[in-house]
Structure formats: structure tokens, C-alpha cells
Amino acid sequence: MFVTVRYGDDQEQLFNPNSRNNLFLLNVKNRCQCQSEDVIDVSDERGNLKNLSNFPKEYAKEYLKDRERLVLVRRDYDKSSYSTQNNLSRQGIFKPLLQSLAGNQEFIDKLNSQIDESSLSELSTKSQRPSTFDVDEFRAVRSRSRSSMTSSKKPLPKRGSRTSGLRKSATNS
């Protein structure tokens, strides 16, 4: 499985999405000559943001299709218009790092229309996904199983009695 990430002046790189999102995006950042302080993500060619950075510990292959062509995008923060009421300026504005789409206002508008929706969908998506491990639930189940095992436990035979039976059969033959 692989995906193609487009960036710069119509450049492309192939990537293996069989890794966690944080490592996938770090690899994209390094190979596509991004700055270390850049906050990046990817979108499809229609401007649908993939939001991989919101789920750093999950695998990129869960969000991307095999042989999908993606566009590298960077989150820019406009500090001049920053205000606590303006949610877009706090979250930043996504801009494509593919030069042929840099002036495409329709693409940019579609990317940024998903910012507010992504924070809501992040919550709903996480509630739909099963948790990998719940420590409290594990402890409760373990204590219930231990208490039921102790009430129905038969005493184990002594260690010496088992081995002596084997020795007798070995000496008789």
C-alpha cells in the first residue's frame, strides 16, 4: 500500500501509510522539505482535509486509501487578526503547499470550512471507536474473576506426589 503526496512545484513523493499518523507526518515533513516548526497535514485533491494530526497514535492507513493522491497542506496562524472570539485564527488557516493550488480560493475555502467541523467530528469519531485498553474495566473484570476462582478452587496436589508417580512408572517398565 502506498500514497502519493504532491507539494511544491508539482513535485511528488511516495509514502507508506502503514505507520502511526505522527510518524507518517514527520516523514512527509522531512522528505518534502518542510520547516521543523511547520504544522502539516494532508488533504485529497478536492480539498477534503484528512486531519491525521488530530489522531497521532492511530495508523494512517485507516484514513487513507491505497494509491490515493494527496496534497500537502500547512497550518498558518495569522497573528495580526488573532482574537479569542475568532475561532479560525486560533486554529489557524490551512494553505496548500502545492503551488498550482496556492491561488485556488475554492480549494482553500473547502480546506478551512472543515476546521470547525473537524473539532466536532473528532469528538464523535473518538466516541465511535472502541478503546484499545481500559485499565479500570480490566481491573474490575480481573477482581471478579479472581473472586469467583477462589470460591470454586480445588486444592492443588503437592508437588512431590506428582513426580513420585512418574518415577514409579518409569522404574516399573
Exercise. List, by chain and number, the other hydrophobic cluster members for F2, where Ile, Leu, Val, Met, Phe, Trp and Tyr join if side-chain heavy atoms come within less than 4.5 Å, directly or indirectly.
Key: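 In the cluster with F2 are L14.
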
Quiz item: Do L26 and Y63 share a hydrophobic cluster, counting only Ile, Leu, Val, Met, Phe, Trp and Tyr and linking them when any side-chain heavy atoms are less than 4.5 Å apart?
Solution: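 Different hydrophobic clusters.
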
Spatial distance of atom [atom1] ([X]) from atom [atom2] ([Y]) [nearest 0.5 Å]:
X	Y	atom1	atom2	result
L72	C32	CG	SG	5.5 Å
Q11	Q13	CD	CD	8.0 Å
L64	L52	CG	CG	5.5 Å
N27	N30	CG	CG	6.5 Å
Q35	I40	CD	CD1	12.0 Å
L70	N48	CG	CG	11.0 Å

Does any non-hydrogen side-chain atom of [Y] lie less than 4.5 Å from one of [X]?
X	Y	answer
D41	R75	no
R74	C34	no
P56	L25	no

Once salt bridge (charged side-chain N to carboxylate O under 4.0 Å, His left out) is applied, do any residues pair with [X], and if so which ones, sequence neighbours excluded?
X	value
D66	none
R69	E12, E45
R46	D44

Quiz item: Between N21 (side chain) and A60 (backbone), is there a donor-acceptor pair under 3.5 Å?
Solution: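 Yes; judged by distance alone, with no hydrogens or angles, the pair exists.
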
Practice problem: Check step by step if side-chain contact (heavy atoms from CB on, under 4.5 Å) holds for V73 and L49. | Solution: CA-CA 9 Å; V73 296; L49 192 62; 3.8 Å; yes

Exercise. Only counting residues at least two apart or in another chain, list the ones meeting side chain to side chain donor-acceptor pair (under 3.5 Å) with Q105.
Key: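 If we apply the side chain to side chain donor-acceptor pair (under 3.5 Å) test to Q105, skipping adjacent residues, the hits are D109.
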
Practice problem: Kindly write out the residues that satisfy side chain to side chain donor-acceptor pair (under 3.5 Å) with T4, not counting sequence neighbours, or none if the list is empty. | Solution: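 T4: no side chain to side chain donor-acceptor pair (under 3.5 Å) contacts found.
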
Side-chain polar contacts of residues 92-104 - donor-acceptor pairs under 3.5 angstrom, sequence neighbours left out - could you list them?
{"from": "N104", "atom 1": "OD1", "to": "E106", "atom 2": "N", "distance (Å)": "3.2"}
{"from": "N104", "atom 1": "OD1", "to": "F107", "atom 2": "N", "distance (Å)": "3.1"}

Exercise. Output every pair passing salt bridge (Lys or Arg N to Asp or Glu O under 4.0 Å) with a member in residues 47-56, not counting sequence neighbours, ordered by first then second residue.
Key: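 Salt bridge (Lys or Arg N to Asp or Glu O under 4.0 Å) check on residues 47-56 returns K50-E68.
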
Quiz prompt | Selection residues 21-37 - residue pairs positive for salt bridge (Lys or Arg N to Asp or Glu O under 4.0 Å), sequence neighbours left out | solution =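 Checked against salt bridge (Lys or Arg N to Asp or Glu O under 4.0 Å) - neighbours excluded - no pair reaches residues 21-37.
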
Quiz item: How would you list, by chain and number, every residue that makes a side chain to side chain contact (heavy atoms under 4.5 Å, CB included) with K61, sequence neighbours excluded?
Solution: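 Checked K61 against side chain to side chain contact (heavy atoms under 4.5 Å, CB included); matches are M1, P17, N18, Y59.
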
Quiz item: Looking at residues at least two apart in the chain, or sitting in another chain, which of them share a side chain to side chain contact (heavy atoms under 4.5 Å, CB included) with S19?
Solution: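 Per chain and number, S19 pairs via side chain to side chain contact (heavy atoms under 4.5 Å, CB included) with F24.
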
Practice problem: Under the side-chain contact (heavy atoms from CB on, under 4.5 Å) rule, what do V71 and V42 come out as? Steps first, then yes or no, please. | Solution: CA-CA 5 Å; V71 175; V42 291; over 6 Å; no

